[in-house]
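Here's the structure we're looking at; comments come further down.
Convention: sequence-line order gives letters A, B, ...; per-chain numbering from 1. Only this structure's heavy atoms are used, side chains among them; waters, hydrogens and symmetry mates stay out.
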Protein chains: 2
Amino acid sequence: MLAALESVFEIIAEPNRRAILSLLVSSQRSVGEIECQLRMSQPTVSKHLRVLREAGFVESTVDAQRRLYRLKPEPLREVEAWLAPFRRLWSAHVDALERYLDRMDTSPPKKRKKKKR
Amino acid sequence: MLAALESVFEIIAEPNRRAILSLLVSSQRSVGEIECQLRMSQPTVSKHLRVLREAGFVESTVDAQRRLYRLKPEPLREVEAWLAPFRRLWSAHVDALERYLDRMDTSPPKKRKKKKR
DNA sequence: GCGGAATATGCCTGTCAAGGTATATACTAC
DNA sequence: GTAGTATATACCTTGACAGGCATATTCCGC
């Protein structure tokens with residue numbers, strides 16, 4: 001579980017890790033809080049947190065025996081950056097190429113912002 | 001390779017699949033073109049395309065013996081949607097203040113020993 | 001019909017991640 | 001010191017996916 005896992009996309013491919021990240025949006029949490037809210041075993045939470053920490057998704061501070069984890073933005077911005085070129089697919093403005101491709105579309109109509117077919 | 005793979009995040013966790021998607025941004029392509037440009041074997045390309053098609057990332061039209069694949073927007077919008085709540089992490093003016101408030105959000109730490117491990 | 005080109009699929013195998021259990025570590029309170 | 005709490009790590013097993021190779025399918029031209 002704590003192996004290579006180089007790419008940020010592989011990190012967020014795991015549903016429990018996404019759940020942890022989403023939980024941390026509202027505020028930082030201790031391992032026990034995450035364990036309780038997401039109904040995962042404590043070692044599982046710790047292992048996922050380790051993966052997330054080593055990938056830069058979260059950081060922790062020590063508070064007595066507890067460790068408080070909170071989000072770090074950088075890796076998710078990588079995802080955002082990769083996603084950027086695809087936004088033209090659903091942006092309101094439809095350029096020439098997309099209109100061309102839409103004309104070739106043989107599948108049943110779907111909700112599109114702009115014209116097609 | 002052609003198993004469940006339910007979530008869109010698991011689909012885009014595979015580097016070759018991300019490469020295929022990125023390649024299709026500029027225009028639709030045949031399997032042979034993808035195979036050539038990305039230097040993958042033909043069965044590998046076809047299998048990845050099948051995964052992408054079944055997940056709704058791409059669709060294909062038949063052109064003689066060829067099949068032309070092009071992007072479909074919906075699944076990537078799911079990624080975009082999941083990412084949305086995290087944008088507050090890097091929207092400039094809230095950053096420092098909200099992260100400070102996050103720490104106050106839970107029960108106040110007692111004597112804090114600094115930093116991560 | 002036949003042969004060839006383009007793509008899809010089946011089978012097999014190596015690899016690796018995810019989780020469980022048990023244990024280790026770190027810290028607090030007494 | 002001891003006991004208790006919170007978290008991390010080691011070891012192991014299971015399962016799934018990615019890719020290679022061989023083969024099947026589909027379509028074209030002749």
Side-chain angles (χ1 to χ4, degrees), chain A residues 1-21 24 28-55 57-70, chain B residues 1-21 24 28-55 57-70 106-117:
Chain A
M1 186 185 215
L2 4 106
L5 267 190
E6 67 291 346
S7 129
V8 295
F9 295 92
E10 294 173 43
I11 307 280
I12 63 173
E14 221 293 321
N16 289 321
R17 283 197 287 267
R18 289 200 306 281
I20 291 176
L21 292 175
L24 293 180
Q28 65 180 356
R29 313 264 177 170
S30 70
V31 177
E33 290 169 337
I34 298 171
E35 172 190 352
C36 189
Q37 294 232 4
L38 301 183
R39 302 179 137 205
M40 306 164 52
S41 78
Q42 179 267 315
T44 295
V45 174
S46 281
K47 289 175 202 173
H48 283 309
L49 283 171
R50 175 175 181 173
V51 172
L52 290 170
R53 176 165 25 88
E54 290 179 346
F57 283 83
V58 300
E59 62 184 0
S60 66
T61 43
V62 175
D63 168 42
Q65 308 104 315
R66 305 194 310 162
R67 291 197 169 86
L68 299 178
Y69 282 85
R70 86 192 66 83
Chain B
M1 184 186 217
L2 6 102
L5 266 191
E6 67 291 346
S7 128
V8 296
F9 295 92
E10 294 172 42
I11 307 280
I12 64 173
E14 221 291 322
N16 288 322
R17 283 196 286 266
R18 288 201 304 281
I20 292 176
L21 291 175
L24 292 181
Q28 61 181 358
R29 314 260 177 170
S30 70
V31 177
E33 289 169 339
I34 297 171
E35 171 189 353
C36 190
Q37 293 232 3
L38 301 183
R39 306 191 152 205
M40 306 164 52
S41 79
Q42 179 268 314
T44 295
V45 174
S46 280
K47 288 174 197 173
H48 282 309
L49 283 171
R50 175 175 180 173
V51 173
L52 290 171
R53 177 165 23 91
E54 289 179 345
F57 283 84
V58 301
E59 61 184 0
S60 65
T61 43
V62 175
D63 168 42
Q65 306 105 316
R66 300 182 160 192
R67 293 201 167 88
L68 298 177
Y69 282 86
R70 85 192 71 86
T106 48
S107 54
K110 318 181 174 182
K111 25 210 161 187
R112 174 182 301 155
K113 305 275 183 72
K114 267 302 196 149
K115 239 12 211 178
K116 24 179 184 175
R117 15 186 356 252

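Inter-residue side-chain proximity for A/Leu38 and A/Asn16 is flagged as unmet; no heavy-atom pair is nearer than 4.5 Å.
Atom CD of A/Glu10 and atom C1' of C/dT15 are 13 Å apart (whole Å). In this structure, the CD1 atom of B/Ile12 is 17 Å from the C1' atom of D/dA18, given to the nearest Å. As rounded to whole Å, 17 Å separates atom P of D/dT5 from atom CG of A/Asp63. Separating the CD atom of A/Glu35 from the P atom of C/dG19 is a distance of 14 Å, rounded to the nearest angstrom. Between the CZ atom of A/Arg18 and the P atom of C/dA18 there is a distance of 11 Å, given to the nearest Å. The separation between A/Gln28 atom CD and D/dT7 atom P is 12 Å, rounded to whole Å. In this structure, CG of A/Leu52 is placed 10 Å from P of C/dA18, rounded to the nearest angstrom.
The side chain of B/Arg53 sits closest to C/dA8 out of C/dA8, D/dA8, D/dG19. Comparing D/dA18, C/dA8, C/dG19 against the side chain of A/Asn16 picks out C/dG19 as the nearest. The side chain of B/His48 lies closest to D/dG19, out of C/dT7, C/dA18, D/dG19. Side chain of A/Tyr69, nearest nucleotide from D/dA8, D/dT9, D/dA18: D/dA8.
Judged by distance alone, with hydrogens and angles left aside, the side-chain atoms of B/Arg18 form a donor-acceptor pair with the main-chain N or O of B/Ile12 at under 3.5 Å. With hydrogens and angles disregarded, a donor-acceptor distance shorter than 3.5 Å links the side chain of B/Arg17 to the backbone of B/Ile11.
Residues A/Asp63 and A/Arg66 are paired through a salt bridge, judged by an N-O separation under 4.0 Å between the basic side chain and the carboxylate.
Contacts classified as side-chain hydrogen bond (donor to acceptor under 3.5 Å, both in side chains) and involving residues 32-42 of chain B (residues at least two apart or in different chains) are given here: B/Ser41-B/Thr44, B/Gln42-B/Ser46.
Residues that satisfy the side-chain hydrogen bond (donor to acceptor under 3.5 Å, both in side chains) test with B/Arg67, not counting sequence neighbours, are absent from this structure.
Distances shown here put every side-chain N or O of A/Arg50 at or beyond 4.0 Å from the OP1 or OP2 atom of D/dA8. Residue A/Arg66 has no polar side-chain atom (N or O) positioned under 4.0 Å from OP1 or OP2 of C/dT28.
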Would you list the protein and nucleotides 20-30 of chain D atom pairs, both N or O, that sit under 3.5 Å from each other?
residue, atom, partner, partner atom, Å
D/dG20, OP2, B/Ser41, OG, 3.3
D/dG20, OP2, B/Thr44, OG1, 3.3
D/dG20, O6, B/Lys47, NZ, 2.2

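Closest heavy-atom contact between B/Ala13 and A/Phe9: CB-O, 3.8 Å.
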